[in-house]
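All heavy atoms count here, side chains included; hydrogens, waters and symmetry mates do not.
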Amino acid sequence: FTHESLKIAGGIVLGAFGEKDPLCHQAMWDMFLLFAQRFPCAWDTVPVRKVILPRFWGFLRHGCYGSPHVSYQCILPAICVIPPH
């Protein structure tokens with residue numbers, strides 16, 4: 001990936017928590033976790049506090065939009081890949 005394509009892909013993949021269809025959530029989690037682990041530098045290309053975290057907290061606040069059975073097992077691994085800064 002170039003820096004520009006990583007910035008675009010990072011914004012889309014890391015900000016995927018706006019997805020409300022529970023049938024898509026397993027694929028969303030797989031995509032998010034794989035991308036975040038494979039491209040940790042992508043976090044530096046997106047505004048984490050302004051874009052990613054609000055979507056993530058909203059996803060949790062809304063009960064994972066009806067997919068707690070899928071999302072529950074992915075929340076801790078997701079928190080572990082989110083950088084502390």
| Remaining members of Ile12's ILVMFWY cluster at a side-chain heavy-atom cut-off under 4.5 Å? | Ile8

| request: Would you please name every residue forming a side-chain contact (heavy atoms from CB on, under 4.5 Å) with Cys74, sequence neighbours left out? | output: Trp29, Leu33

| said: Applying side-chain contact (heavy atoms from CB on, under 4.5 Å), can you list everything that pairs with Leu34, at least two apart in sequence or on another chain? | reply: none

| task | Answer yes if Leu23 and Tyr72 sit in the same cluster of Ile, Leu, Val, Met, Phe, Trp and Tyr residues linked by side chain heavy atoms under 4.5 Å apart, and no otherwise. | result | no

| query | Going only through I, L, V, M, F, W and Y residues with side-chain contacts under 4.5 Å, is there a path from Leu76 to Ile82? | reply | no

Looking at [X] and [Y], what are the two nearest heavy atoms and their distance?
X     : Y     : answer
Val13 : Phe32 : O-CD1, 3.8 Å
Glu19 : Cys24 : CG-CB, 3.8 Å
Pro84 : Arg49 : O-NH2, 4.5 Å
Ala36 : Val81 : CB-CG2, 3.6 Å
Leu14 : Ile52 : O-CG2, 3.4 Å
His25 : Val70 : C-CG1, 4.1 Å

| Parallel, tilted or perpendicular: which describes the rings of Phe59 and Phe17, with under 30° parallel and over 60° perpendicular? | tilted

| remark: So NZ of Lys20 and CE of Met28: to nearest 0.5 Å the spacing works out to 12.0 Å

